[in-house]
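The next block holds one structure in the form of structure tokens; read it before the comments.
For this chain, numbers begin at 1 and follow the sequence in order. Scope of the values below: all heavy atoms of this structure, side chains included, with no hydrogens, waters or symmetry mates.
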Amino acid sequence: MRRDFPLGVPVLCLWAALSIPAPAAASPKPCADPGTEQRVGGLRVVLVGGSPTPAATGPNLWTVRIEGRNGKPLAGAAVALRPFMEAHGHGTVPDHFQGEEEAPGRYRLGPFDLFMPGDWRMEIRVAPRRGRPAAAVFHACIQE
């Protein structure tokens, strides 16, 4: 009987494969709740509230407060929300929602439909009248 390789090679390969450590579990992303904030591009974006709270499947509405570098409300900015489910590679229809300014620096986003449970990446794009645009990212963790 002819062997192309010694018997020890498959055993060695099996041992090597079994000794590779398992990848570390990914750290969970913090879920956005009222009071959660992001600082981006000199702006402070705070999730003031939502309906429902916490976010759930179906229609949702968020309110954010945006402050400029000076800590004062950022009035007159163009604000948009883009929900996206990274694990599934899809967003919502429509894919973004224009914010409506309710008071200086306070913007209402939605209603938007988070139609399935899981982690939704909620990108809030802010384009001030003067200055550079920035994007804050929050996570809506929808339970089953």
Side-chain angles (χ1 to χ4, degrees), residues 4-5 7-144:
D4 292 331
F5 54 87
L7 183 58
V9 172
V11 173
L12 182 61
C13 290
L14 179 59
W15 175 80
L18 293 175
S19 63
I20 296 172
S27 60
K29 295 173 180 148
C31 300
D33 290 315
T36 304
E37 69 177 64
Q38 288 277 317
R39 292 181 183 268
V40 291
L43 304 176
R44 180 175 176 234
V45 181
V46 180
L47 178 58
V48 175
S51 177
T53 298
T57 54
N60 285 262
L61 183 70
W62 278 11
T63 302
V64 295
R65 184 178 69 243
I66 304 172
E67 299 170 356
R69 292 185 190 279
N70 57 8
K72 294 183 180 176
L74 184 70
V79 179
L81 170 70
R82 182 179 179 259
F84 192 77
M85 192 170 229
E86 293 174 324
H88 295 240
H90 65 74
T92 57
V93 177
D95 67 345
H96 71 281
F97 301 85
Q98 290 301 125
E100 180 181 323
E101 191 168 15
E102 298 178 323
R106 187 178 173 103
Y107 298 85
R108 188 180 76 200
L109 302 164
F112 49 91
D113 184 11
L114 301 180
F115 54 86
M116 65 187 303
D119 178 38
W120 287 85
R121 181 181 192 274
M122 310 295 280
E123 182 179 80
I124 299 173
R125 299 175 184 175
V126 181
R129 286 187 282 186
R130 282 178 255 135
R132 293 183 163 202
V137 175
F138 296 88
H139 288 270
C141 308
I142 309 301
Q143 302 298 314
E144 292 192 40

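- By the 4.5 Å heavy-atom criterion applied to side chains, T63 and E102 are counted as neighbours.
- Counting all heavy atoms, side chain and backbone alike, A80 lies closest to H96 at CB-CD2, 4.5 Å.
- Taking all atoms of both residues into account, the shortest heavy-atom contact from G68 to L43 is CA-CD2, 3.9 Å.
- Atom CG of L81 is separated from atom CG of N60 by 10.0 Å, given to the nearest 0.5 angstrom.
- Between W120 and L114, some side-chain heavy-atom pair lies under the 4.5 Å cut-off.
- Residues E123 and R82 are not paired through a salt bridge, judged by the lack of any N-O separation under 4.0 Å between the basic side chain and the carboxylate.
- For the pair L74/V126, a side-chain contact is recorded, criterion being any heavy-atom separation below 4.5 Å from C-beta on.
- Checked against a 6.0 Å centroid threshold, the rings of F115 and H90 count as neighbours.
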Show which side-chain atoms of residues 45-57 pair as donor or acceptor with protein atoms under 3.5 Å away, not counting sequence neighbours.
residue : atom : partner : partner atom : Å
T53     : OG1  : G50     : O            : 2.5

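- Contact between A136 and Q38 at its shortest, heavy atoms only, is CB-CB, 3.7 Å.
- Closest non-hydrogen pair, P73 versus P104, comes out as CB-O, 3.2 Å.
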> How far apart are the C-alpha atoms of L109 and L61, what are their side-chain angles, what is the distance that settles it, and do they pass the side chain to side chain contact (heavy atoms under 4.5 Å, CB included) test?
Replying inline: CA-CA 6 Å; L109 302 164; L61 183 70; over 6 Å; no
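- Nearest heavy-atom pair across R69 and G41 is NH2-O, 3.8 Å.
- Under the 3.5 Å distance criterion, the side-chain polar atoms of Y107 are left unmatched by any main-chain donor or acceptor of Q98.
- For D113 (side chain) and P111 (main-chain N/O), no donor-acceptor pair under 3.5 Å exists by modelled atom type.
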> Between F112 and M122, does a side chain to side chain contact (heavy atoms under 4.5 Å, CB included) hold up when you go through it step by step?
Replying inline: CA-CA 11 Å; F112 49 91; M122 310 295 280; 3.3 Å; yes
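- F97 places a side-chain heavy atom less than 4.5 Å from the side chain of T92.
- Between W62 and A140, the shortest heavy-atom distance links the atoms CZ2-CB, 4.1 Å.
- By the salt bridge (charged side-chain N to carboxylate O under 4.0 Å, His left out) test, E67 is found to be paired with R44, R65, residues two or more places apart in sequence or in another chain being considered.
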>> Working note: R108 + E101, criterion side chain to side chain contact (heavy atoms under 4.5 Å, CB included); need CA distance, chi angles, decisive distance, verdict.
In response: CA-CA 6 Å; R108 188 180 76 200; E101 191 168 15; over 6 Å; no
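- With contacts defined as side-chain heavy-atom distances shorter than 4.5 Å, the pair R121/H139 qualifies.
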